[in-house]
Amino acid sequence: MDKSSVLIKGRRIKEKNILTKRGKTEKAIFAFVFVLFFIYAASLLLPLVYLFINSFQPKLDYYNNLGEYGNAFALPRTWMWQNYVTAFENMDMYDSYGNRIGLPIMFFNSFWYVIASVFLNIAGCCFTGYALSKYSFVGKRAMYAVIIFTMTIPIVGSTGASFKLMTDLGIYNTPFFLVTAFGGFGFNFLILYGFFKNLSWNYAEAVFIDGGGHFTVFFKVMLPMTRAPIITLAVMAAISSWNDYNTPLLYMPDYPTVASGLYKIKVSFSRFGDTPAYFAGLLLSIIPVLVLFSCCSGIIMKNFTMGGLKG
């Protein structure tokens with residue numbers, strides 16, 4: 001056994017001894033925090049359990065369970081898989097031209113909306129963050145200050161102006177609205193700006209010595225080194241875009257996504273007394289997000305790693 005293995009083993013034993021020697025105060029705090037987070041986790045899971053159980057309920061049983069002596073979490077006497085078929089076939093709405101838009105089209109709209117918005121946003125933040133962190137030019141500080149200032153403006157305060165601008169540009173209610181995501185700075189910009197700023201410029205100097213240019217430095221050296229934060233931010237942005245119903249509802253009403261479409265047809269399904277089928281549609285809408293998070297949870301939880309120069 002080499003020296004490093006012995007040191008690691010000794011460190012683990014020391015940490016284990018520290019954990020086992022907690023005082024009564026620390027144990028009480030730990031127990032309180034555990035109970036607090038357990039209650040919080042249960043508050044998040046209970047609505048999903050309620051949604052899952054009642055998505056299989058017959059319509060009559062569902063409304064009976066909501067009565068005075070009913071049980072909202074009662075298991076279905078008959079598991080109505082037909083609710084999912086009903087949701088997939090009958091959950092629809094109509095655009096301004098009278099064309100029917102069903103749930104499959106809403107899923108299609110959600111996929112291209114998520115892919116385009118995430119790509120444009122991450123690309124814009126990468127280009128801007130790299131330029132502001134690595135180059136000196138006239139107006140650099142002013143540009144950074146303007147970006148930070150726009151993050152402080154409440155969305156409510158700029159919605160009217162944004163709506164007027166989209167209309168004047170002729171991109172309202174069209175997929176071209178997504179070009180505005182290219183300049184959508186925010187949390188993603190701050191993370192990538194900080195990451196680029198901490199990368200050593202010695203990498204670029206090595207490329208310049210070998211005859212490479214700024215294009216080579218960015219796309220073949222700097223950008224690959226930011227792969228970990230880019231993937232993490234892209235996954236989080238994809239989940240956020242999938243769940244976003246307000247933006248498509250306001251700016252692309254004829255291109256409803258799953259989130260905005262289900263929001264608009266909620267009233268009609270409730271009016272016809274088919275709430276279980278509506279719950280089934282809601283469950284179908286969260287499956288892609290659950291799959292994406294399950295596949296990428298390890299990437300999200302990892303700490304950002306910095307490749308680097310020593311010395």
Would the distance check show the side chain of [X] and the main-chain N or O of [Y] forming a donor-acceptor pair, the cut-off being under 3.5 Å?
X      : Y      : answer
Thr86  : Gln82  : yes
Trp242 : Val258 : no
Ser285 : Leu282 : yes
Asn83  : Gln57  : yes

For this session: Would you please name every residue forming a ring pair (Phe, Tyr, Trp, His ring centres under 6.0 Å) with Phe196, sequence neighbours left out?
Result: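 Per chain and number, Phe196 pairs via ring pair (Phe, Tyr, Trp, His ring centres under 6.0 Å) with Tyr130.
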For this session: List for me each residue that meets ring pair (Phe, Tyr, Trp, His ring centres under 6.0 Å) alongside Phe119, sequence neighbours excluded, and say none if there are none.
Result: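 Phe119 satisfies ring pair (Phe, Tyr, Trp, His ring centres under 6.0 Å) with no other residue.
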Could you list the donor-acceptor pairs under 3.5 angstrom formed by side chains in residues 111-118, with sequence neighbours left out?
from, atom 1, to, atom 2, distance (Å)
Trp112, NE1, Asn109, OD1, 3.0
Tyr113, OH, Asp244, OD2, 3.4
Ser117, OG, Tyr113, O, 2.7
Ser117, OG, Val114, O, 3.2
Ser117, OG, Ser241, OG, 3.4

Under a 4.5 Å side-chain heavy-atom rule over Ile, Leu, Val, Met, Phe, Trp and Tyr, are [X] and [Y] clustered together?
X      : Y      : answer
Trp79  : Val85  : no
Leu169 : Leu120 : yes
Phe107 : Tyr94  : no
Phe127 : Val179 : yes
Met80  : Met91  : no

Nearest atoms (heavy-atom pairs only) where [X] meets [Y]:
X      : Y      : answer
Tyr172 : Pro253 : OH-CG, 3.6 Å
Leu250 : Phe163 : O-CE1, 3.8 Å
Glu89  : Arg100 : O-NH2, 2.7 Å
Leu262 : Gly281 : CD1-O, 3.8 Å
Ser260 : Thr257 : OG-N, 2.9 Å
Lys197 : Lys134 : O-NZ, 3.7 Å

Problem set entry | Asp254 side chain to Ser96 side chain, donor-acceptor N/O pair below 3.5 angstrom |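 There is such a pair between these side chains.
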Problem set entry | All pairs passing salt bridge (Lys or Arg N to Asp or Glu O under 4.0 Å) where residues 163-175 contributes a residue, at least two apart |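 Those involving residues 163-175 are Lys164-Asp168.
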Problem set entry | Worked verdict on Tyr144 versus Tyr193 for ring pair (Phe, Tyr, Trp, His ring centres under 6.0 Å) | CA-CA 10 Å; Tyr144 182 80; Tyr193 172 83; 5.0 Å; yes
Show the atom names and distances, to 0.1 Å, of all donor-acceptor pairs under 3.5 Å that link a side chain in residues 28-54 to residues at least two apart or in another chain.
from, atom 1, to, atom 2, distance (Å)
Ser43, OG, Tyr40, O, 2.5
Tyr50, OH, Tyr62, OH, 3.3
Asn54, ND2, Tyr50, O, 2.8
Asn54, ND2, Ala72, O, 3.1

For this session: Starting at OH of Tyr251, measure out to OG1 of Thr167 and round the result to the nearest 0.5 Å.
Result: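 Output value for this atom pair is 9.0 Å.
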Problem set entry | From CG (Leu178) to CE (Met252), nearest 0.5 Å |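 Output value for this atom pair is 5.0 Å.
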Problem set entry | Heavy-atom side-chain proximity of Leu132 to Ile147 below 4.5 angstrom |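 They are in side-chain contact.
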Check residues 205-230 and write down every donor-acceptor pair under 3.5 Å in which the side-chain atom is one partner and the other belongs to a residue at least two apart or another chain.
from, atom 1, to, atom 2, distance (Å)
His214, ND1, Tyr135, OH, 2.8
Thr226, OG1, Leu223, O, 2.7

Problem set entry | Parallel, tilted or perpendicular, as decided by the 30° and 60° cut-offs, for the rings of Phe56 and Tyr84 |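 Correct class here is tilted.
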For this session: Report, as yes or no, whether the 6.0 Å neighbourhood of atom CE on Met143 holds more than 12 heavy atoms from other residues, nucleotides or ligands.
Result: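 No.
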Exercise. Does CZ belonging to Phe176 count more than 12 external heavy atoms closer than 6.0 Å?
Worked result: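 Open.
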